[in-house]
Amino acid sequence: MISGWMFKLVLAFVIVGVIVYDGASIVSNFFTLDNKANEIAVDLSTAITSREINPTETLKLEERAKQSAKESGARVLGVEVDRDGSVSVRLRRAADTLVVGRIGPIEGWTRATADARSSTS
């Protein structure tokens, strides 16, 4: 009788622990990805060397963004440089979860997308 009760208690703790871990991982992913996108956008906007944005410089900035994003486990979806020197960055990253990322209908909850824009002017 006591062993059955103890088993149910341990099982309940495991279930609650997995739910808390997955939830915290998803929330943390959203906030840290947003910060990373802002950081990359500021870095790229300060790296622009001239007011004339040419395709070669845009490719260099995109490679720089990809390297920074890769370090945090994110993927660059787009980098846009406007004529005025402002930079827009879009990143995507999936949270590390134990269960949510393995269930098809709710798997999308683990993916976060962040947009950031920065300008030196």
Side-chain angles (χ1 to χ4, degrees):
M1 177 142 148
I2 292 178
S3 62
W5 178 80
M6 187 67 86
F7 175 76
K8 290 177 186 176
L9 185 63
V10 169
L11 185 62
F13 279 135
V14 168
I15 290 171
V16 169
V18 168
I19 290 170
V20 168
Y21 177 83
D22 279 5
S25 180
I26 290 168
V27 169
S28 173
N29 185 45
F30 276 98
F31 288 117
T32 59
L33 185 63
D34 191 46
N35 287 338
K36 189 63 177 180
N38 286 330
E39 178 185 315
I40 291 172
V42 169
D43 179 47
L44 295 181
S45 68
T46 57
I48 294 175
T49 57
S50 67
R51 283 288 168 213
E52 291 296 318
I53 307 300
N54 58 43
T56 304
E57 189 169 8
T58 302
L59 287 175
K60 287 179 185 177
L61 291 173
E62 193 168 332
E63 285 302 315
R64 187 172 180 159
K66 286 180 181 179
Q67 183 61 34
S68 293
K70 185 178 180 183
E71 292 170 2
S72 68
R75 186 171 53 117
V76 175
L77 297 179
V79 174
E80 293 180 16
V81 181
D82 294 337
R83 291 180 190 215
D84 64 352
S86 62
V87 178
S88 298
V89 178
R90 177 172 262 205
L91 301 178
R92 176 168 284 160
R93 181 174 60 196
D96 293 327
T97 59
L98 298 173
V99 177
V100 175
R102 292 170 174 77
I103 300 173
I106 61 173
E107 182 181 15
W109 294 357
T110 63
R111 287 188 299 272
T113 303
D115 295 308
R117 184 174 185 83
S118 179
S119 177
T120 56
S121 55

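By convention here, the first residue in the shown sequence is residue 1.
- Linking Ile, Leu, Val, Met, Phe, Trp and Tyr whenever their side-chain heavy atoms come within less than 4.5 Å puts W109 and Y21 in one cluster.
- R75 CZ to K70 NZ: the interatomic distance, rounded to the nearest 0.5 Å, is 13.5 Å.
- Taking OG1 from T58 and CG from L44, the interatomic distance works out to 10.5 Å, rounded to the nearest 0.5 Å.
- In terms of hydrophobic clustering, with Ile, Leu, Val, Met, Phe, Trp and Tyr side chains grouped at heavy-atom distances under 4.5 Å, I19 and L11 are assigned to a common cluster.
- In this structure, E63 does not pair ionically with K60, as no charged nitrogen and carboxylate oxygen lie closer than 4.0 Å.
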- request: Kindly determine whether L91 and T113 satisfy side chain to side chain contact (heavy atoms under 4.5 Å, CB included), including the steps that lead there.
  value: CA-CA 6 Å; L91 301 178; T113 303; over 6 Å; no

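- Atom CD of residue E80 and atom CD of residue E62 lie 10.0 Å apart, to the nearest 0.5 angstrom.
- Scanning both residues, A112 and N29, for their nearest heavy atoms gives CB-ND2, 3.5 Å.
- Atom CZ of R117 has more than 12 heavy atoms from other residues, nucleotides or ligands within 6.0 Å.
- Salt-bridge annotation for R102 and D22: absent, with no side-chain N of the basic residue lying under 4.0 Å from a carboxylate O of the acidic one.
- Tracing side-chain contacts under 4.5 Å through hydrophobic residues (I, L, V, M, F, W, Y), one never reaches V76 starting from L59; they form parts of separate clusters.
- When all heavy atoms are compared, the tightest approach of A37 to A114 is CB-CB, 3.9 Å.
- Closest heavy-atom contact between S45 and V42: OG-O, 3.0 Å.
- Listed here is the closest heavy atom pair of I40 and A65: CG2-CB, 3.8 Å.
- Remark: side-chain polar atoms of S25 are paired, donor with acceptor, to backbone N or O of D96 under 3.5 angstrom.
- A continuous path of hydrophobic side-chain contacts links F30 to L98 [ILVMFWY only; heavy atoms under 4.5 Å].
- V99 and I106 end up in the same hydrophobic cluster when Ile, Leu, Val, Met, Phe, Trp and Tyr side chains are linked at under 4.5 Å.
- Between the side chain of T110 and the backbone N or O of E107, at least one donor-acceptor pair lies under 3.5 Å.
- Looking at R92, its side chain never comes within 3.5 Å of a backbone N or O of L77 through a donor-acceptor pair.
- With rounding to the nearest 0.5 angstrom, the CD atom of E71 is 6.0 Å from the NZ atom of K36.
- With hydrogens and angles disregarded, no donor-acceptor distance shorter than 3.5 Å links the side chain of R64 to the backbone of D43.
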- prompt: How far apart are the C-alpha atoms of R93 and S72, what are their side-chain angles, what is the distance that settles it, and do they pass the side chain to side chain contact (heavy atoms under 4.5 Å, CB included) test?
  reply: CA-CA 9 Å; R93 181 174 60 196; S72 68; 3.9 Å; yes

